[in-house]
Every structure is written in structure tokens, then in C-alpha cells.
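Notes to accompany the following structure.
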Amino acid sequence: MKDVIQELLGQALHQLVKKDYLPKEVIKEPAEEIEISNCPDPKMGDYASNIAMKLAKTAGLPPMQLAEMLVEHTSRSRHIADITADKPGFINIKLADSCLFKIIIDVLEDGDLYGYRQPEERQRICVEFVSANPTGPLHVGHGRGAAYGASLSALLDAAGFDVHREYYVNDHGRQMDILAVSVWLRYLELCGESVNFPASGYRGDYVYDIARLIRNEHGDHLRHNKFEVSDNLPPDAKPDAKPDAKSGADADTADGAAEDDPGDKEKHIDALIQRARELLGKDGFRIVFKTALHAMLDNIRTDLAEFGVEFDEWFDEHKLDKSGAIDRTLQQLRDAGHVYEKDGAQWFRATTFGDSQDRVVVRDNGRTTYFASDIAYLESKLLRGYKPAIYVFGADHHGYIPRLKAAAEGLGHDPDDIEILLVQFANLYRAGVRLSMSTRSGEFTELRQLREEVGNDVARYYYIMRSHNQHMDFDLEQAKENDLDNPIYYIQYAHARIASLFRKLEDEGVRYNQAIGIDSVKLLTNDYEQQLIRGLLQFPELIQIAAEKRSPHMLAHFSHELARKLHTYYNAERILVDDENLRNARMCLLAATAQVLRNALRIMGCSAPEQM
RNA sequence: GCGCUCGUAGCUCAAUCGGAUAGAGCACCGGCCUUCUAAGCCGGGGGUUGCAGGUUCGAUUCCUGCCGAGCGCGCCA
């Protein structure tokens, strides 16, 4: 509908230019350049344009006068009931009733696809999100990225993009080796060996679960005694050592602390990994490694699936190495002259493209860095034709943006072809007390726990109801215990309420006749009904705006608003009246409202219950 | 020190790439169930949009500086 109005105003501008009332500079080339917004107050009209104020300067006319001229020259359309120039220079447009009523029919006809744009050719884009290292279960911090990424993907799909959802599996790095060693040590523990557990090992119970799995499968075949395992290793740090502990004792007052704890936990764990490889051999280590990896991926996959988050592809990092993609991409950068050697390592000259420093891609020991994989992965995405390739990162990764953009540019791409969205942290509160999210405290960390405590719908909604670049407080008390105040229940209740009316009708043996209803929609003239219809009208436009702004939280607000309109209507008017025409017309409106609520809830990843 | 994201009602947050009187929820106060789900509705109080400047017809939005919060600045992943 907006495009119709843009078109009409565009034509009016052309006419005024043709008559020499206005200079030709005022012509906005694509009509879409003409901004159309919703009126803040429905009494003013349905749509508003600020075009007269925008062009006042180039036209050399006061905004109000220009607005009036435009109104005069806008050709009469059957869609428009009224068009006026108002106060500072806005042009307000009121839609014809017939136009509004038709919305109900549109919704009923389009059904699950109402609000969805379906262009002939869909632009292919990729959304990569979560991508947590498979070294442990997902924690609540990943939850927001998961909920945001999934809803954003659904939103972009609705807006007409061909969306590819991708999870990048870091199955190649040192962290995975540490997990494997952690599992192996727990396995040895189960075998009866009393080995020390390293400070930087993974301590969660899930590590024992995997160890148990291996022992069931392979018995004691991978057992080595504790002396073989720990002899001649560099000393470990204390298990509880916190590098940046801010306790009262500072280095200068308690210099004994350093001597008590001379170990380097990083050197220790690296040596331990090496030892494990030696003792287990290539095959033995692989058994532990693969079992751990698969167990964790299963865990994560199941967790996400239960959360309603699905991916089209799980992209394994190691494939980039195996296929030679990393080498090829690095060679490409070398050929372009963006790589140099220093201190035995190879550096990507990221500073040429605005990064604050150059970045190592090949270490002096010959191994490629994590960033080298990132570059190859980036190239893979762009070669596959995604435009843009969207990354959803936690806010703590914002430092990666300049180097990734630099890499894209170094490979000869437009840096705008990759788009990096940051999701800010969510703080969990219980009864006003902030819960620690560190793994060490073990207080409340797993996404699974959160889902079990508050439910999937609540978790999904709470995660996305705030703008992704806004820090957010997630209060478990409000989310769970006080469900009267929970916005997601409020929305779902509106949907259930409508379903309940249809049930009621059936119980009373009265048939709902949609044909009669559609013929009678013109009876829906009271304020409440008009408000609801306008809500339905706004939905497709909201999808487009929210998608452009990568802001699924706008759907949360929209849904709440639509639910409020429904509840208000329900309280003010009796829906199931005796008059057959009016009753069926109202039921049509409610059916359409339920449909829009369903569509919005689906994009947000929440269910639309028939009863509550 | 440098950089990124922010700062809006008592609390949690909106505000459609700069628009009309800055809006919701929670909390607080007062009304509405013999009738379709009261998990609801209606009404009320509550604001110098962190501070100071600047840009223009118009600023919560854009620019500069300051104050404050969170997070980053490795041949770690």
C-alpha cells in the first residue's frame, strides 16, 4: 500500500515540475525515496509523508505551501479517502474504507504467508550464528545469539531473502585438544588412576559423561598409568588461580604468592596434550577427540533443536584445511601483496585496510592461526554467493570486525558484503540479584537449565524483545514466577482467546460462515475494529522495516500492541452477537488477527497456543 | 591510553535510515466479572532523553568535548 502512495506523490511531483512550479531537482528518482510513515495518531490519517519538508529548500518554498501544492496535484485514487496538508508540512493520507476492509480478506487468503514478501528472485544471504566452540554445553550467553540469529533469519526469510543458516564448528583448534585431554584424564580417573586434573582443563560433569562413553566402548584400552601421564611435565598453576583476582593482597604486599605458584597452566596443558598424543598414538587420540567432539555437537544440536533453532549447514572448520582452502586463500593474499614475513611468522597487512594492527596468519612453527581459517571461511561464504554474509557475534568479539572487513577487502571483495551484527550481553537476575555467568561459579550457566526453568517460549521472547545492540537484564522472577506480567503470555493469550471464541461458537452449534463474514466486513466500523484492521495492515510493512534494521525486537512490540488491541476490543464489544452478518464479519476479523499473531509468533520462535 | 556498544519515567525497555504532544510493561493509586477465558479492560500520577555545545525548518536520533556503564586491544581460540 505504501508503494501506491509513493507512486502517487511521485506523479504529483512530476506534474509540478512539468508546469514549471518546481525545479526539476526535486524529483526523487526511485519513488521509494519518498518516505512514507504511519501517522502517530489515527485521527490524522493512516499514512504520512514528510516529503514537502524535505524538499522545501530545493523547491524554494515554505514546507506548508509545498505540501498544499502536492495535495492539490495528487490524482484521486480509489484507495484514498482523504489527503491533507497539515501543520508543519506533513501530508496525511487516509485510506478508503474499502481498502481497509480488503486487508481482512488479504490476511485470510494469504494465511501463513501474510506479511511475507515473495519476489521472483530471492537474494541469497547467509546468517552465521551461535558457532560456539563444541567444548561444552551452550550457556545462557549463547542463548541470546541463538534466539536472535534464528528470529533474524526467519524475519529475513519473510522479507523475501533466500536465507542460509549456518553454524561454524570450531573442531580444529587447541581448545578442542584441551577438551580431548580433559576427557581422557577423566577416563583414566574412571579406570582408577589418580592423575591430577590441570587448571585449564574442562571441569563440567559432561566431561565425565563422555569419558564413561569411551570406557563403555573401549574398556581399559586407552589406559596409561599416572607416572607415564604426568612425569616431567612443566608445573601447572593452582587450580583455583584467578589471573586477575582483585582480592586485597596485591603483588607488592604478598610477593610470596608468585613463588607458591610458579606454574604456567598454558605450558602445562600444551605439554599434556603432547603427552596424550604420544601415549595414545594417532588412532587412540583420535578416538577420544572424535568421541568428545561428536558428543558435544550432539548435545548442542539437540539443545538448539529443542529451542526451535535449526541450521541449514554445520560448517566444519577442519574441512577448510583438508580441502586446501586455507592455503589457497593465503596464497591469494600473498599474490595480492598483502602478506609479509616478520620474526619467522607470516602477517596479513590488515593495517592497509584500516585495522589497528597487522595479524599473524602463519605462526613461526608453521601452523596457521585461527584467523587464517576465518579468512578462508569468509572467502568460502562469498564464493558461495551470499550477499551479504551476515555474522552474529557476541559483543565481546567486536574487535574482530576491522580484521574481517580488512580480510574481505584484501581478497578483493567489497567489505560491505560481510555484515557483522553484535549481540550485547544479557545479565540474568533472580529476585533482583545478578547471577554470575562464569563457568567457574557454576551458579546458573547452561541454556538448557534456563529453558527448563522458564520454558522455551518465554526464553525466546525475552531474548529478542530488546534491541540486539542494547544491554539487557533478564529477570527470572518476572519471566517465570509472575506469569501474569509476562508479555509473551499476554500475546499468546490473545491468540488463545480468539481460538476460544471459535470453540464457543461450535459448542453453541452455530456455524462460522466465512463467506458471509467477508461479504459483511463493511459492518466493522467501530473504533476497536478499525484499530485492529490497521494493525493487520501494518504487519507486512513492519516485516520489511524490521528486516532492514535487523531488528526482530520490533516484532515483539508489534505483537504486544496487536494483542492489546484485541483485548481492548474483546472487553468493549460482544463478538458473538445474534446478527449473523455482523457476527461472521467479526469472526473474520478475529480469524485474521489470530493469523497475524501466529505469523509474528512463528518468526519470533514462539508457539501460538489454542488455549491457555 | 586507544577502540567498540551504550546512557530515555522509581525499575526493565520502545520510539519506523532526523519528524507532529517522547511511548509501553512492571511497580503505585482508583474503577470494571449473574453475559464470549479478569492470564483481561478502563482511568490516574510519574520526564530538562547523562552534562555542555554544534549542525537545521525540526535532534532521543547526526557531529565535537566531558561524565558514567559494559566489552575489547596476543604468533589464544
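Here is the naming used below: chain letters follow the sequence lines, and residue numbers restart at 1 for every chain.
- Ring to ring, A/F474 and A/Y463 are close: their centroids are under 6.0 angstrom apart.
- A/N92 and A/T84 share no donor-acceptor pair across their side chains, judged by distance under 3.5 Å alone.
- Dashed line: the shortest gap from a side-chain N or O of A/H560 to OP1 or OP2 of B/G23 is not under 4.0 Å.
- B/G65 sits 10 Å from B/C2 when the P atoms are compared, rounded to a whole Å.
- Here the two rings, on A/H560 and A/H557, have centers that are 6.0 Å apart or farther.
- Atom CD in A/Q424 sits about 13 Å away from atom P in B/G70, given to the nearest Å.
- Contact annotation for A/D343: base contact, defined as any heavy-atom pair under 4.0 Å involving a base atom.
- RNA chain B is contacted by both A/K549 and A/S49; A/K549 maps to the nucleotide lying nearer its 5′ end (nearest heavy atom per residue).
- At the heavy-atom level, A/N92 lies under 4.0 Å from base atoms of the strands shown.
- Side-chain N/O atoms of A/K57 include one lying less than 4.0 angstrom from OP1 or OP2 on B/C57.
- The interatomic distance linking A/F90 (CZ) with B/A20 (P) rounds to 6 Å, in whole Å.
- Pair assignment for B/G30 gives B/C42, based on Watson-Crick or G-U wobble hydrogen-bonding distances that are each under 3.5 Å.
- Electrostatic pairing of A/R503 and A/E506 does not count as a salt bridge here, judged by no charged N lying under 4.0 Å from a carboxylate O.
- In this structure, A/R363 reaches the B/C76 phosphate: one of its side-chain N or O atoms is under 4.0 Å from OP1 or OP2.
- Residues A/M64 and A/D86 come closest through the heavy atom pair SD-O, 3.5 Å.
- Both distances falling under 3.5 Å, in either a Watson-Crick or a G-U wobble arrangement, place B/G70 opposite B/C4.
- Nucleotide B/C33 carries a syn base; the chi torsion (O4'-C1'-N9-C4 or O4'-C1'-N1-C2) is within 90° of 0.
- The base of B/G19 sits with one of its N or O atoms less than 3.5 Å from a complementary donor or acceptor on the side chain of A/N50.
- OP1 or OP2 of B/A14 has at least one side-chain nitrogen or oxygen of A/Q470 nearer than 4.0 Å.
- Within 4.0 Å (heavy atoms only), A/P40 reaches at least one base atom of the nucleic acid.
- Between the P atoms of B/C26 and B/C41, the separation comes to 9 Å (whole Å).
- Nearest-nucleotide assignment on RNA chain B puts the 5′-proximal partner with A/S37, out of A/S37 and A/D86.
- Counting any heavy atom pair closer than 4.0 Å across all strands shown, A/A56 reaches no nucleic acid atom.
- In this structure, the CZ atom of A/R574 is 5 Å from the C1' atom of B/U35, given to the nearest Å.
- Remark: the A/N170 side chain and the A/Q175 side chain contain no N/O donor-acceptor pair separated by less than 3.5 Å.
- Among the protein residues, A/E341 comes within range of no part of the nucleic acid, since none of its heavy atoms lies under 4.0 Å from any strand.
- The gap from the C1' atom of B/A14 to that of B/G30 amounts to 27 Å, rounded to the nearest Å.
- Pairing partner, B/C11: B/G25, with both Watson-Crick or wobble hydrogen-bond distances short of 3.5 Å.
- As judged by a 4.0 angstrom heavy-atom cut-off over every strand, A/E541 is placed among residues making no nucleic acid contact.
- Surrounding CD of A/E573 are more than 12 heavy atoms belonging to other residues, nucleotides or ligands, all under 6.0 Å away.
- A distance of 6.0 Å or more separates the ring centres of A/H397 and A/Y391.
- For B/U56, there is no paired nucleotide, since no Watson-Crick or G-U wobble pair has both relevant distances below 3.5 Å.
- Residue A/F371 is classed as having no contact, given no heavy-atom separation below 4.0 Å to the nucleic acid.
- Between the P atom of B/G25 and the CD atom of A/E561 lies a distance of 9 Å, rounded to the nearest Å.
- Using atom P as the reference point in both B/A27 and B/U64, the two lie 41 Å apart (nearest Å).
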Could I get a table of every N or O pair under 3.5 Å where one atom is in the protein and the other is in nucleotides 41-45 of chain B?
{"from": "B/C41", "atom 1": "OP1", "to": "A/Y490", "atom 2": "OH", "distance (Å)": "2.3"}
{"from": "B/C41", "atom 1": "O4'", "to": "A/N571", "atom 2": "ND2", "distance (Å)": "3.0"}
{"from": "B/C41", "atom 1": "O3'", "to": "A/T568", "atom 2": "OG1", "distance (Å)": "3.4"}
{"from": "B/C42", "atom 1": "OP1", "to": "A/T568", "atom 2": "OG1", "distance (Å)": "3.0"}

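- A parallel orientation is assigned to the rings of A/W314 and A/Y167, their planes being inclined by less than 30° (bins at 30° and 60°).
- In this entry B/G47 has no Watson-Crick or G-U wobble partner, no candidate having both defining distances under 3.5 Å.
- For B/A39, neither phosphate oxygen OP1 nor OP2 lies less than 4.0 angstrom from any side-chain nitrogen or oxygen of A/N486.
- Nucleotides B/G50 and B/C11, compared at atom P, are 13 Å apart to the nearest Å.
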